Amino acid sequence: MDLKPFFITTPIYYINSTPHVGHAYTQIAADARARFERLRGREVYFLTGTDENALKVARAAQAQGRDPLGFCDELAQAFQDVWQTLNISYDDFIRTTEERHRQPVIEVVQRLWDGGFLELGTYSGWYSVPDETFFRPEEVVERDGNHYLANPSEDQTKGPLEWTEAVGHFFKLSNFSDQLLKIYADAPERLRPQSRRNETLRFIESGLFDTSISRAQDWGIPLPSGVPESEGKVVYVWFPDALLNYATAPGYLADDERFKRIWPPDLQLMSKDIFTRFHATLWPALLLALGLELPRELFAHGFWTVNGSKIAKRDPETIVEPIEFSTQIAQSAGNAEIRVGVDALRYYSLREVGFGSDGDFSTTGCVTRYNSDLANGLGNLFQRGAVMLHNYFGGRVPATTFSDSSWLDEFKSRQAKVENSYETLDFSGALTEVWEVVAMANRWIEEEKPWAKAKDGDLDAVAVLLNKLLLVCQWVAVCTFPAIPSSAERIWAALGRSEPMNWANALQPFEEGHQTPPPTPIFPRANLKTFEQIENAALQVRAQKIKEQDMQNQTEQNGTPIQTPAAIPEAIAPVDAEAPEPTYISIDDFAKVQLRVGKVIEAERIPKADKLLRLQVDLGYEKRQILAGIAQHYTPEEMLGRSVVIVANLAPRTMRGYESQGMLLAASDDSGKLALVNPGDVSAGAVVR
RNA sequence: GGCGGAGUAGCUCAGUGGUUAGAGCACCGGCUUCAUAAGCCGUAGGUCGAGGGUUCAAAUCCCCCCUCCGCUACCA
């Protein structure tokens, strides 16, 4: 076996809010694998942390009149508190504002420059502060003198963009395509699951672009002074800053001996949205540039919807805060300790869907699973055996010889299956296997009818059964420990075991006379109705909070013109179809637009474009090629010979490989109806004004 | 439009050429009383999205279509 510690990572989390069930999922999965490795006796280095150098974080702090670092301290602590409550056994928690991270990042940028992996370039464009991203001109629309993202996704900004021009330092990512493809070609285990691997290969094959790694900002890790044009610039938050945490934490460029012992990561987990671009492409390219070994396995898990809907901060029904939720379950289970609810959450997360697929996190589904699998299945099984042991034998293990021990072999082979499932991150499969055993043991009791045998005085037979049950419970405790550690430990203790649990002692026999403590239920049953009441009450509180926050945000944004000089209220207020507020322009402004009448002399569809027609338009004094997005309203035949009004002095632009030298005027309403402006009977080239 | 994923029991899903398509939950009936209104057994429930094809044999392979989800692209 490999002597190197098993190095496992989660992403470092962007601290814009407290952790939700999505964050918790990655943590739980990583924790399960880490605990599994430790259980098998392997040293583990389990790394997680927070990403704190985003400009948005600094501005959020400033908006509250607070010191950014203090703001981060608080949120980073909140993350750690949640992880501790969820029993996440991380070995290291790195914050990107720490010196042990900042220093090596600065040095890495210098090395990249010295090694010729960076080059200077200029770029300019519409920049979004919250997203820390430049957008291409075609992604941007103008409204009321401000520029906005044309089709912002759920988590992209709806606010105005800032025009930014700067000298940038570009990482020559394009140089690494071939190398990466070669590495990935015959190593399917490096990128999992298979579907993500395919996606990544296609992404790289489609061509990589050099990427700017510097930003002119006052928050973040500064560029080293040995790099030209470094003044006033910080490192892009993703590259190499955030990604490099995986190397700085184990001691890269700081503690060579430690780093050499731990590197490379054996398993890096993340959700699918940051897999392809960042972890499977940029990150290994960075490592290649630095001459470091690549991670052995990258694994992308899927997304959760919550109660059937996409997670949205503004939809209270989709926000599941792990601690609050665990508390709710525990409360509805006869006010049990929170760790009971935590294990319900952990169990459900790992059991409900295959790791790697998307799934739906149903809060009542979780409670139902808790009741059926944990309380009725495992908990009750343990209770039956333990109570009988106390009733018939005073809690002391009776002497036994097994006439047939073939069932022990079966357990060994089942444990091997469970082991293999954990190794391949098939948590659902591992737990399914264990619960087959739970069902089987419940059947044993049914078949043996120990209560009847006890009545008949056949205590020997009862002793055999109870010994088997004890071993089953012990076996289950070991096998489920990675998934539900606190419950497994409670079972372990309830069996009277005090030595450390490990993978090899799952089937260790119980000595005659071994004393077990008086039994209490491991998983008290939850009352679904009670849970729903508690959940509903919390939901209303949350909805109220969101309302208040919205109002607060509005007033805050009105009061702080730092990032966005104007027009935020207009941007946020719902668009009123009636009576648009007039914004006057001068006659000179209008004169800048040259409108002409033209006659369509050719018209055809563009292949693979469902909205575009390619037109040749005669302006009298010249011919123009114009692309118009009207294919869903006009056929090429209808267009032929038609008179149209065109904007004649619009800057040309290429679409779909064709240059468009102007624009057709058309009217459209909210229902999507579109009609071309008809100039009537004037000759081609006539001026419109 | 392109690329990818998905469509199987009321619900959540497993099942990549081979009996009569499975599991869990929910439902219904029976048994049981050691146990947490827990356990066990059983019934019922499916034209495997539609259609076509290959095959002795198709949920599974091929073609075409429909629906949903994600990413992405052209209204200058």
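Below, chains carry the letters A, B, ... as their sequence lines are ordered, and counting in each starts from 1. These numbers were taken from a predicted model, which means no experiment stands behind them.
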Original post:
Can you list the steps and then say if A/F278 with A/W283 is a ring-ring contact (aromatic ring centres under 6.0 Å, His included)?
Top reply: CA-CA 6 Å; A/F278 295 111; A/W283 168 230; over 10 Å; no
**OP:** May I ask you to say what A/E352 touches in the nucleic acid, namely base, sugar-phosphate or nothing, with a heavy-atom cut-off under 4.0 Å?
**Re:** sugar-phosphate
Original post:
Whole-Å distance between B/rA38 C1' and A/N527 CG?
Top reply: 15 Å
Original post:
Once the angle between the rings of A/F355 and A/H301 is folded into 0 to 90°, is it parallel (under 30°), tilted (30 to 60°) or perpendicular (over 60°)?
Top reply: tilted
Original post:
Just how far, in rounded Å, is P of B/rC68 from CZ of A/F303?
Top reply: 21 Å
Original post:
Regarding A/S332 and A/N527, is there a side-chain donor-to-acceptor distance under 3.5 Å anywhere?
Top reply: no
Subject >> Within-4.5 Å side-chain heavy-atom neighbours: A/F325 and A/C366 >> reply: yes
**OP:** Please state whether the rings of A/F411 and A/W444 are parallel, tilted or perpendicular, taking 30° and 60° as the class boundaries.
**Re:** tilted
Original post:
If we take the C1' atom in both B/rC68 and B/rU8, what is their distance in whole Å?
Top reply: 16 Å
Interface polar pairs with nucleotides 27-37 of chain B, N/O, under 3.5 angstrom:
residue	atom	partner	partner atom	Å
B/rC34	O2	A/R384	NE	3.2
B/rC34	N3	A/R384	NE	3.1
B/rC34	N3	A/R384	NH2	2.6
B/rC34	N4	A/R384	NH2	2.8
B/rA35	O2'	A/N380	OD1	2.5
B/rA35	N1	A/R384	NH2	3.4
B/rA35	N3	A/N380	ND2	3.3
B/rA35	N3	A/R384	NE	2.9
B/rU36	O2	A/F523	O	3.4
B/rU36	O2	A/R525	N	3.1
B/rU36	N3	A/F523	O	2.6
B/rU36	O4	A/G379	O	3.3
B/rU36	O4	A/F523	N	3.3
B/rU36	O4	A/F523	O	3.4

Original post:
Would you say A/F361 and A/F303 make side-chain contact, with heavy atoms under 4.5 Å?
Top reply: no
Subject >> OP1 or OP2 of B/rC71 under 4.0 Å from side-chain N/O of A/R277 >> reply: no
Original post:
Does A/R346 make a cation-pi contact with A/F427 (under 6.0 Å, within 45 degrees of the axis)?
Top reply: no
**OP:** On RNA chain B, check which nucleotide each of A/K272 and A/D358 is closest to and give me the residue with the more 5' one.
**Re:** A/D358
Subject >> Residues A/K272 and A/D358 bridged, charged N to O under 4.0 Å >> reply: yes
**OP:** Whole angstrom is fine here: how far is it from CZ in A/F361 over to C1' in B/rC13?
**Re:** 17 Å
**OP:** Tell me the stems RNA chain B sits in, counting at least three consecutive Watson-Crick or G-U wobble pairs, each under 3.5 Å on both distances.
**Re:** B:1-7 with B:66-72, B:10-13 with B:22-25, B:28-31 with B:39-42, B:51-53 with B:61-63
Original post:
Between A/D373 (CG) and B/rA38 (C1'), how many Å, whole number?
Top reply: 14 Å
**OP:** Using the P atoms only, state how far B/rC40 lies from B/rU36, rounded to an integer number of Å.
**Re:** 16 Å
